[in-house]
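Quick note on labels: first sequence line is chain A, next is B, and so on, each numbered from 1. Just the heavy atoms: all of them, side chains too, but no hydrogens, waters or symmetry mates, feed the values below.
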Protein chains: 2
Amino acid sequence: MSEHATGNALSIGDVAKATGLGVHALRFFEREELFLRPIPRTAGGQRVYGPEDVEWLLLCSRLRDSGMPIAGVKRFARLVRSGPGNEPERLALLEEHERTVRDKIADLTASLEIIHGKVLTYRKHVKDGTAAGLWSPTPSP
Amino acid sequence: MSEHATGNALSIGDVAKATGLGVHALRFFEREELFLRPIPRTAGGQRVYGPEDVEWLLLCSRLRDSGMPIAGVKRFARLVRSGPGNEPERLALLEEHERTVRDKIADLTASLEIIHGKVLTYRKHVKDGTAAGLWSPTPSP
DNA sequence: GTAGAATCTAGACTGCAATCTAGGTCAAGC
DNA sequence: GCTTGACCTAGATTGCAGTCTAGATTCTAC
């Protein structure tokens, strides 16, 4: 199934390579109903994916990596699966997630500033050899 | 212990309020040796914290919230506890964490761009009423 | 036609980081 | 002095998100 694809059929291993997900994760996602359609099988029962499944998985990975829980992806998948008519709900879900990602970035940036401040302090003290007694959390340790 | 502090003694509940951590988490942190010193106790066995413990916990929270695992915080605490002389190691640990935080922010920003793109697409289609058929992961769903 | 790689299922297991439980003890206000 | 709320320990449990196992089957290449 990996070779000279007659068109676009992909094995689970191909999809794993293409998405960076493990085969276990792909089967898990299917159990969790994160796909947009029932993945077809060969006569022998092996999964046959199409490129659109890979596309979808890449989006799912983005959502997951940016902190959306499986349950959120599942809700989005369910909306998409249920066809046209619920676009405002999909939009709301995405907007909500966008907000949480922005908040996350803001939090990380705030933490980064503090951490970077510590780094600068330590660099200075290590360079000067004046490091003794360094520790108290702000702004020293 | 919460009232008119004679100086600065804090109960576990006070510290929980001050740091946003739960009392369970504070006891857990102590078992994990994340503190810079053994927390003293009253005659009756109750923990007595000082403001410096709160300061330290606030830094720990920043490190945790920015993705440093407990084991990392523990290593840092151990370095600080073991006194002057290892500042270059502390610096290395903080620099390493700073790098991972920057990477995390970069990843989130990349995801955010994709998500925001979807949001824009959905907004447009919902507004136009042309939403039918929207779904394929890039750039539609 | 057969060896070896890849895949299948159901279900058990992992790791992290708390969080909660049970069964008490302690302390502060009235 | 007593009630009520905060606190104590040790250990069990939770939740999330995979990840792995075992044992069987299928597919691919020679």
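- Comparing the local axis fitted to the first five base pairs of the helix from C/dG1-D/dC30 to C/dC30-D/dG1 with the one fitted to its last five gives a bend of 20°, rounded to 10°.
- Partners of A/R81 under the side-chain hydrogen bond (donor to acceptor under 3.5 Å, both in side chains) rule, at least two apart in sequence or in another chain, do not exist in this structure.
- Among residue pairs with one or both ends in residues 97-112 of chain B, those qualifying as salt bridge (charged side-chain N to carboxylate O under 4.0 Å, His left out) are B/E96-B/R99, B/E98-B/R102; sequence neighbours excluded.
- Remark: B/R78 pairs with no residue by the salt bridge (Lys or Arg N to Asp or Glu O under 4.0 Å) rule, at least two apart or across chains.
- In this entry the distance linking CD of A/E32 with P of D/dG15 reads 15 Å, nearest Å.
- Residues satisfying the side-chain contact (heavy atoms from CB on, under 4.5 Å) criterion with B/R37, sequence neighbours excluded, are B/I39, B/P40, B/E52, B/D53.
- Remark: P of D/dC16 and CG of A/D65 are 18 Å apart, rounded to the nearest angstrom.
- What separates CD of A/E30 from C1' of C/dT9 is a distance of 12 Å, to the nearest Å.
- Residues A/T19 and A/W56 form no side-chain contact, since every pair of their non-hydrogen atoms from C-beta on lies 4.5 Å or further apart.
- For A/Y49 and C/dA6, the OH to P distance is 16 Å, given to the nearest whole Å.
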Between N or O atoms, less than 3.5 Å apart, protein on one side and nucleotides 18-20 of chain C on the other: list the pairs.
| from | atom 1 | to | atom 2 | distance (Å) |
| --- | --- | --- | --- | --- |
| C/dA18 | OP2 | B/R64 | NE | 2.9 |
| C/dA18 | OP2 | B/R64 | NH2 | 3.2 |

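- The two residues B/S66 and B/H97 make their nearest non-hydrogen contact at OG-NE2, 2.8 Å.
- Contact annotation: the side chain of B/E113 never approaches that of B/H116 to less than 4.5 Å [non-hydrogen atoms, C-beta and beyond].
- For the pair A/S11 and A/Q46, the minimum side-chain heavy-atom distance is 4.5 Å or more.
- Looking at residues two or more places apart in sequence or on another chain, you find no side-chain hydrogen bond (donor to acceptor under 3.5 Å, both in side chains) involving A/D65.
- Under the side-chain hydrogen bond (donor to acceptor under 3.5 Å, both in side chains) criterion, B/R62 pairs with A/S111, not counting sequence neighbours.
- Rounded to an integer number of Å, the gap from B/R41 CZ to C/dC26 C1' is 13 Å.
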Would you be so kind as to tabulate the donor-acceptor pairs closer than 3.5 Å made by side chains of residues 26-36 of chain B, with sequence neighbours excluded?
| from | atom 1 | to | atom 2 | distance (Å) |
| --- | --- | --- | --- | --- |
| B/E30 | OE1 | B/R47 | NE | 2.5 |
| B/E30 | OE2 | B/R41 | NH2 | 3.4 |
| B/E32 | OE1 | B/K74 | NZ | 3.1 |

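- Nearest-nucleotide assignment on DNA chain C puts the 5′-proximal partner with B/P69, out of B/G45 and B/P69.
- For B/T42, no side-chain nitrogen or oxygen approaches OP1 or OP2 of C/dC26 to under 4.0 Å.
- Partners of B/E89 according to the side-chain hydrogen bond (donor to acceptor under 3.5 Å, both in side chains) rule, which considers only residues two or more places apart in sequence or in another chain, do not exist here.
- Phosphate proximity of D/dT9 to B/R47: present, with a side-chain N or O under 4.0 Å from OP1 or OP2.
- Distance CG (B/D14) to C1' (D/dG5): 14 Å, rounded to an integer number of Å.
- In this structure, the CD atom of B/Q46 is 5 Å from the P atom of D/dC8, given to the nearest Å.
- Residue B/S11 places at least one side-chain N or O closer than 4.0 Å to OP1 or OP2 of D/dC7.
- Heavy-atom distances under 4.0 Å link DNA chain D to no residue of residues 97-108 of chain A.
- For the pair A/R27 CZ and C/dT7 P, the computed distance is 8 Å after rounding to whole Å.
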